[in-house]
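Just so it is clear, the values below take in all heavy atoms, side chains as well, and ignore hydrogens, waters and symmetry mates.
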Amino acid sequence: MQTVALKVRMDCEGCERKIKSVLSGVKGAKSVDVDMKQQKVTVTGYVDPKKVLKAAQSTKKKVEMWPYVPYTSVAHPYVSQAYDKKAPPNHVRAVPVTATCSETTLDDTYTNMFSDENPYACNIM
């Protein structure tokens, strides 16, 4: 059993019915749930994610794999790549770990300037 979540651009109930009928026809699909508010379609069953994605794309709608994860599972949820205004509540975009904040050498010099181990730190303050 596998669950495949997709983000599908749907405007009306007709779009919803079309997506649901096409994805119900995918071999191995047991159930298809459509959430119009979140623009999310969930297919459950013995399905291949690539085949589900290809079947959804055949409807000529804008389709992508579900890009959002709960913000508690991301190390830096407010990094520019992760934060998305269109995301559902308490969710952010799934980003690779490489998209994190990092210290620069400039930050390092300021840290050393005010360090307790720096004998000239009192002169600055």
(request) Please answer whether the main-chain N or O of Asp35 pairs with a side-chain N or O of Gln38 as donor and acceptor at a distance below 3.5 Å. (result) no

(request) Check the side chains of Lys27 and Tyr46 for a donor-acceptor pair under 3.5 angstrom, ignoring hydrogens and angles. (result) no

(message) Working to the nearest 0.5 angstrom, can you tell me the gap between Lys18 NZ and Cys12 SG?
(response) 10.0 Å

(request) Please step through side-chain contact (heavy atoms from CB on, under 4.5 Å) for the pair Tyr68 and Lys7, ending with a clear verdict. (result) CA-CA 9 Å; Tyr68 303 115; Lys7 181 179 179 182; 3.0 Å; yes

(request) Hey, could you give me the CG/CG distance between Leu23 and Asp33, rounded to the nearest 0.5 Å? (result) 11.0 Å

(request) List for me each residue that meets salt bridge (Lys or Arg N to Asp or Glu O under 4.0 Å) alongside Arg17, sequence neighbours excluded, and say none if there are none. (result) none

(message) I need the Lys40 NZ to His91 NE2 distance, nearest 0.5 Å.
(response) 6.0 Å

(request) Give, for atom CD of Gln57 and atom CG of Leu6, the distance between the pair rounded to the nearest 0.5 Å. (result) 9.0 Å

(message) Side chains of Val34 and Met10, heavy atoms from C-beta outward: is any pair under 4.5 Å?
(response) yes

(message) On a heavy-atom basis, which atom in Ser24 and which in Ala29 lie closest, and how many Å separate them?
(response) O-CB, 4.3 Å

(request) Determine, step by step, whether Thr42 and Val32 satisfy the side-chain contact (heavy atoms from CB on, under 4.5 Å) criterion, reporting the C-alpha distance in whole Å, the side-chain angles of both residues, the deciding distance to 0.1 Å, and the verdict. (result) CA-CA 6 Å; Thr42 308; Val32 178; over 6 Å; no

(request) Quick one: list whatever passes side chain to side chain contact (heavy atoms under 4.5 Å, CB included) with Pro49, sequence neighbours left out. (result) Gln2, Val4, Met65

(request) Report the C-alpha distance between Val52 and Lys54 in whole Å, list the side-chain angles of each, state the deciding distance to 0.1 Å, and finish with yes or no for side-chain contact (heavy atoms from CB on, under 4.5 Å). (result) CA-CA 5 Å; Val52 173; Lys54 192 168 185 172; over 6 Å; no

(request) May I ask you to decide if Ala55's main-chain N or O and Ser58's side chain share a donor-acceptor pair within less than 3.5 Å? (result) yes

(request) Count the heavy atoms of every other residue, nucleotide or ligand shown that sit under 6.0 Å from NZ of Lys61, and state whether that count exceeds 12. (result) yes

(request) Indicate if Trp66 and Val92 have the same hydrophobic cluster label, given that clusters are the connected sets of ILVMFWY residues with side-chain heavy-atom separations under 4.5 angstrom. (result) no

(message) How close do Gly45 and Lys30 get, counting heavy atoms only, and between which atoms?
(response) CA-CG, 3.7 Å

(request) Starting at CD of Gln39, measure out to CD of Glu64 and round the result to the nearest 0.5 Å. (result) 11.0 Å

(message) Working note: Thr44 + Met1, criterion side-chain contact (heavy atoms from CB on, under 4.5 Å); need CA distance, chi angles, decisive distance, verdict.
(response) CA-CA 7 Å; Thr44 306; Met1 270 310 245; 3.7 Å; yes

(request) Flag yes if Leu53 and Ile19 sit in one hydrophobic cluster, no otherwise; membership is Ile, Leu, Val, Met, Phe, Trp, Tyr, and two members link when side-chain heavy atoms are under 4.5 Å apart. (result) yes

